[in-house]
2 protein chains.
Amino acid sequence: MGGVRRTPQRTAVLETLGRCREFVSAQELHALLAGGGSAVGLTTVYRALRALDRAGLVDVVRDETGERLYLRRPTDEHRHYLICRRCGRSQPVDARDVEAWAERLGETTGFAELEHTLELSGVCRPCRRPTAATPNGAADAGR
Amino acid sequence: MGGVRRTPQRTAVLETLGRCREFVSAQELHALLAGGGSAVGLTTVYRALRALDRAGLVDVVRDETGERLYLRRPTDEHRHYLICRRCGRSQPVDARDVEAWAERLGETTGFAELEHTLELSGVCRPCRRPTAATPNGAADAGR
DNA sequence: ACACTAGATGAAAATGATTGTCAAGACCGA
DNA sequence: TCGGTCTTGACAATCATTTTCATCTAGTGT
């Protein structure tokens, strides 16, 4: 018992996810798999991603709609990313200060088993088009 | 044009929300309103909460399922909360260090219009008591 | 090789929060 | 009072994610 089987589906999921250089949703991954010839059921994709998450092999973020996005984790440690709201490009950030701060929180608050999620977003430099023609149109109209 | 009307429904939402000492979901708030005699449509509750969010009058967090939870903001500045996964109790934390860190991030990464959300959770001290003779009379088990 | 079984698959249906629709109603200035 | 704009709310639609459940399979023990 206690076995985690190696199956073609899981192999395909992990492999395809490994080829993605940016965060992808389960739905996108499912479409990618279907397009790539190796059709894997949507349910299986979800299950595989959940397993990978539990195993600590992927980083997970939630976009503004709450949808989960996955990226195969390059290193074996917990990371945070700054993601562009326009193009979706992600960039890992050095969050050691925050990690230390969060850890200290346990001592000062009396809370145990602390967990934290940190979502960072912005607009990356390339996406910040000059918009010279529009006077004040560039002001933050959104959200 | 451009007017935000004062209506009984919005008053009821804001008032009921103000009476909640912990984060509540839109659905819970809707039920509370119904139970309290002032029935407000679920759609209206959602719209009111979104408006309050935009106006900066409430703090919003997302629980592990992605559901949005609201709490009327006591002060007028952006806050972060540490929330107990067992009883739902919330406790504001001093996150000025993180705020400063996040602000600095804009300079070092070249990203603009930075936004961040930070979800902190743990198990509060009262909840850590190993199932004694049910000492949690006050601690609402709900959510 | 063979049988066996805990694990794994996936199509379809269920879940559940949130949003869109749109006709009917309410607020408020003129 | 009048009228147009804002608001409301029942209902349907959306959509990611989970459940269900019948069927299949990887991998161990024999």
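Values in this document were obtained by computation on a predicted structure and should not be read as measured data. Any value given below was found using the heavy atoms of this structure, including those in side chains, with hydrogens, waters and symmetry copies removed. Naming convention: chains lettered A, B, ... in sequence-line order (proteins, then strands); numbering from 1 in each chain.
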Can you measure [X] atom [atom1] to [N] atom [atom2] for me and round it to whole angstrom units?
X	N	atom1	atom2	answer
B/Arg10	C/dA26	CZ	P	15 Å
A/Asp63	C/dA17	CG	P	19 Å
B/Arg54	C/dT19	CZ	P	10 Å
B/Gln27	C/dT15	CD	P	15 Å
A/Glu64	C/dA17	CD	P	21 Å
A/His30	D/dA16	NE2	C1'	13 Å
B/Leu42	C/dT19	CG	C1'	10 Å
B/Leu52	D/dT7	CG	P	13 Å

- Task: Could you walk me through whether B/Val40 and B/Gln9 pass the side-chain contact (heavy atoms from CB on, under 4.5 Å) test, one step at a time?
- Result: CA-CA 6 Å; B/Val40 177; B/Gln9 289 87 345; 4.1 Å; yes
Looking only at the side chain of [X] (C-beta and beyond, no hydrogens), which of the listed nucleotides [options] gets closest?
X	options	answer
A/Tyr46	D/dT7, C/dA17, D/dT17	D/dT17
A/Gln9	C/dT18, C/dT9, D/dA16	C/dT9
B/Glu67	D/dG9, D/dT7, C/dT18	C/dT18
A/Arg6	D/dT7, D/dG27, D/dG9	D/dG27

Close N/O contacts between protein and nucleotides 19-25 of chain D (under 3.5 Å):
from	atom 1	to	atom 2	distance (Å)
D/dT25	O2	A/Arg5	NH1	2.9

Contact between [X] and [Y] at the side-chain level, heavy atoms closer than 4.5 Å - yes or no?
X	Y	answer
B/Val98	A/Asp97	no
A/His78	A/His116	yes
A/Glu67	A/Arg62	no
A/Asp63	A/Phe23	no

- Would a distance-only check, ignoring hydrogens and angles, find a side-chain to backbone donor-acceptor pair under 3.5 Å from A/Gln91 to A/Ile83?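 Not confirmed, A/Gln91 side chain does not pair with A/Ile83 backbone.
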- Query: Under 4.0 Å between a side-chain N/O of A/Thr7 and OP1 or OP2 of C/dT9, yes or no?
  - Reply: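 For C/dT9, OP1/OP2 do have a side-chain N/O of A/Thr7 under 4.0 Å.
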- For B/His30, all residues meeting ring-ring contact (aromatic ring centres under 6.0 Å, His included), sequence neighbours excluded: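 Testing B/His30 for ring-ring contact (aromatic ring centres under 6.0 Å, His included), a comparison that skips the adjacent residues, returns none.
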- Task: Let me know, please, whether B/Arg68 or B/Pro8 comes out on the 5' side of the other along DNA chain C by nearest nucleotide.
- Result: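 Taking each residue's closest nucleotide, the earlier one in sequence belongs to B/Arg68.
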